[in-house]
**Q** 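Quick one: structure below, then a few questions.
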Amino acid sequence: MSAGADAAESTRTAASQHAKTTTTTAKPATAAAAAPPQAKTEFIHVTHGTPTSNGVTNTTPGGGLMPPQTVAKSRSGLTRDFIAKQSPTSNAVAMIASLPGVVYGGNDPLGTNDDQQGLTIRGLNQQEIGYLFEGIPAAAPVYLLPYTSASSDNENIESVTLTQGSPDTKSPLYNAVGGEMSVKMRDPSRKMGGNVNLSYGSFSLRREFVRFDTGEIGHTGIRGFVSFSDRTADEWRGVGATKRYHVDMKFLKEWGDGNRASLVFAYNDAQQYYLRAPTKAQWNQYGVNFNYNDTPGGSTPANYYGFEENRMKKITMGAPVNVKLAKGLTLDVTPYFTYSWGYDNGASTLSRNGSYFGSQPAGTLQNTGAQTGSSILAGSIDTYTLAYSGINAALSWTKGHNTLTGGAWYSYFDQSEPQSYQAANGDGTPSGQWGSNAILTQNGQVLSTYNIHLIQQTNALFINDTYRALHDRLTLTAGFKEVMVTRSANQQHAGGNLRNRAECCRAAAAVHGQL
């Protein structure tokens, strides 16, 4: 159900489903004039499509599944005409499942959970596929998993483009050997307006979305929008619920001939539970009721579903700028910053007097709550913070039929991941998820299996040349990219300190042609 009006469409004439023709005839100045009849001038105005408040125009070939492609690559995509027809709870990875070469498998029919999903393109998995959001590398370095629902709500996605094969040379990616997926948000409307979308469904699904467009602010030429969504739903098997809070924001300034600068912001807070993988016999016996235990205690207390909660909060910011410096000379610069924090938890049974801290005995464990036995049921608390920032710049020069592009990319990634344990309550339920009341060794140190600190720096240089001939019917592209990665890892664990430093390079060359 949708209400409101997108101001991007409010500036356009409401199109009818049939062409409209207006004819104007020039008449003599006076009825008494004896001059010969003047030639008639006819004006024809044609409008088409059916613009709506959610951005659908019904003008993209294939209902939004076949946007025209002009690059010398194997590329396909989606536009609003298709995206707006999908479930608002879905994510960009699930939506590209129908594109050529894509195989997708999700663990949730509602598309509300993108933590346990599988994506391959031409046989290469999702960690070998680059993911860009407004030109920002949105998948965390090292892990490279595309948590696409953390980037944007579906109502704000203008297009999704998938390149099957080698990515653009200037893209700030080093893992995209299997392809590149790029998500673009809609531009803010030129007039003030808004949009509201409410969704209800099976598995107790409830979702609310609201967006406000500022229109042009004063006479500055700046316009923007801010949106918020709230979604909850039950897990599709077993017990537990997923929750997601999301904020999108984009402000845009355009001037001159093709100059534009924007500020993009996205905040996502997702809470969900891991699903236990069944064997064939377990699935045949329990079906959708098979998962972790519904109630605490029992013969396998560590299998209680409450210990399998995971949460990720993420902030993404970027400021893409596209400027025409002179005739044929353009500069594209995208600085960005992304910060994630949360936890991935499980459960374990610890020995009160026989546990180890690194290579050393931990002694008698402290801070174990109401549990008094020789073994302690504890949540395994894996908290993390991931901060990565960078800048990507490309300078392009067009002369005649040729376009030469060169540039550089720099990225800095900082990860901290201290693991700890927190004793369960007396009834076998988790006493906390953030590890705020951690179990201690006999000498007062936080008991943990690992405490990782990792820093990665990436430097890349690239050059690309495109030649067009035969009235743009022939396109030839060749490029080269050199990526230099320096990674430093530190295991900050007592009795088991490990420092590791690695440097590597990846060079890539690509030649494409299209006729």
Side-chain angles (χ1 to χ4, degrees), residues 1-20 46-71 73-102 104 106 110-111 119 121 131-135 146 148-149 151-164 179-191 193-199 201 207 209-211 213 223 225 227 229 246 248 250 252 262 264:
M1 178 170 64
S2 179
D6 239 68
E9 283 73 41
S10 67
T11 61
R12 302 170 55 183
T13 304
S16 66
Q17 297 181 1
H18 304 282
K20 294 187 283 188
V46 179
T47 58
H48 71 290
T50 54
T52 62
S53 63
N54 61 5
V56 173
T57 63
N58 290 324
T59 59
T60 308
L65 281 168
M66 298 177 63
Q69 304 293 341
T70 58
V71 296
K73 292 177 180 290
S74 177
R75 179 173 290 178
S76 52
L78 311 172
T79 68
R80 282 300 303 167
D81 286 347
F82 175 81
I83 296 170
K85 298 180 179 70
Q86 308 311 302
S87 169
T89 64
S90 186
N91 58 72
V93 170
M95 288 191 294
I96 66 170
S98 58
L99 297 182
V102 177
Y104 170 78
L110 292 176
L119 172 70
I121 298 179
Y131 174 53
L132 295 177
F133 169 65
E134 289 286 316
T148 53
S149 69
S151 299
S152 179
D153 278 319
N154 284 9
E155 291 89 344
N156 297 327
I157 297 178
E158 179 66 28
S159 66
V160 181
T161 302
L162 178 67
T163 301
Q164 298 97 335
E180 173 186 310
M181 184 172 66
S182 178
V183 174
K184 294 286 186 181
M185 280 207 297
R186 64 184 288 275
D187 285 343
S189 300
R190 296 182 181 276
K191 290 187 177 181
N195 187 279
V196 176
N197 192 20
L198 306 177
S199 303
R207 182 179 183 271
F209 169 87
V210 59
R211 180 178 65 223
D213 280 275
R223 61 186 194 272
F225 75 81
S227 71
S229 69
H246 189 86
D248 282 333
K250 184 176 182 179
L252 174 66
S262 59
V264 177

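Nothing here was measured: the structure is a model prediction, and the numbers come from that model. This chain uses plain numbering: 1 for the first residue, then up along the sequence.
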**Q** Please name all residues satisfying side-chain hydrogen bond (donor to acceptor under 3.5 Å, both in side chains) with R223, sequence neighbours left out, ordered by chain then number.
**A**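 Residues passing side-chain hydrogen bond (donor to acceptor under 3.5 Å, both in side chains) with R223: E254.
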**Q** Nearest heavy-atom pair of S90 and M95: which atoms, and what distance?
**A**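 Between these two residues, the closest heavy atoms are OG-CG, 4.0 Å.
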**Q** Could you verify whether a donor N or O on one side chain and an acceptor N or O on the other, from T148 and N91, lie under 3.5 Å apart?
**A**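 Judged by distance alone, the side chains do pair up.
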**Q** Spell out, as yes or no, whether a donor-acceptor pair under 3.5 Å connects the side chain of D248 to the backbone of D153.
**A**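 Side chain of D248 to backbone of D153: a pair is present.
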**Q** Sequence neighbours left out, what passes side-chain hydrogen bond (donor to acceptor under 3.5 Å, both in side chains) with S182? Give chain and number order.
**A** none
**Q** Can you check whether R186 reaches D213 side chain to side chain, under 4.5 Å on heavy atoms?
**A** yes
**Q** Taking all non-hydrogen atoms of both residues into account, name the closest pair between P67 and G77 and its distance.
**A** CD-O, 3.4 Å
**Q** If every non-hydrogen atom of S76 is compared with every non-hydrogen atom of Q164, which pair is closest and at what distance?
**A**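 It is OG-NE2, 3.0 Å.
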**Q** Just so I know, are the side chains of I121 and L99 near enough to count as touching, which here means a heavy-atom distance under 4.5 Å?
**A** no
**Q** Looking at side-chain heavy atoms only, is the closest gap between E134 and K250 below 4.5 Å?
**A** yes
**Q** I'd like to check the side-chain contact (heavy atoms from CB on, under 4.5 Å) partners of S151; sequence neighbours left out, ordered by chain and number.
**A**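 Partners of S151 by the side-chain contact (heavy atoms from CB on, under 4.5 Å) criterion, ordered by chain and then number, come out as Y131, F133, A138.
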**Q** Supply the atom-to-atom distance L78 CG to S98 OG, rounded to the nearest 0.5 angstrom.
**A**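 One finds 6.0 Å between CG of L78 and OG of S98.
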**Q** Are any non-hydrogen side-chain atoms of V183 and L132 less than 4.5 angstrom apart?
**A**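 The answer is no; the side chains never approach within 4.5 Å.
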**Q** Please report the closest heavy-atom contact between L252 and P188, naming both atoms and the distance.
**A** CB-CD, 4.0 Å
**Q** Apply side-chain contact (heavy atoms from CB on, under 4.5 Å) to T163 and list each qualifying residue two or more places apart in sequence or on a separate chain.
**A** K73, R75, E180
**Q** How would you list, by chain and number, every residue that makes a side-chain contact (heavy atoms from CB on, under 4.5 Å) with P88, sequence neighbours excluded?
**A**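 For P88, the residues satisfying side-chain contact (heavy atoms from CB on, under 4.5 Å) (neighbours in sequence not counted) are E155, N197, S199, R207.
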**Q** Should F209 and N156 count as side-chain neighbours, where that means a heavy-atom distance under 4.5 Å?
**A**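 When only atoms from C-beta onward are counted, N156 and F209 do touch, with a gap below 4.5 Å.
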**Q** What pairs with S262 under side-chain hydrogen bond (donor to acceptor under 3.5 Å, both in side chains), at least two apart in sequence or on another chain?
**A**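 If we apply the side-chain hydrogen bond (donor to acceptor under 3.5 Å, both in side chains) test to S262, skipping adjacent residues, there are no hits.
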**Q** Tell me whether N154 contacts the main-chain N or O of I83 through its side chain, where contact means a donor paired with an acceptor under 3.5 Å.
**A** no
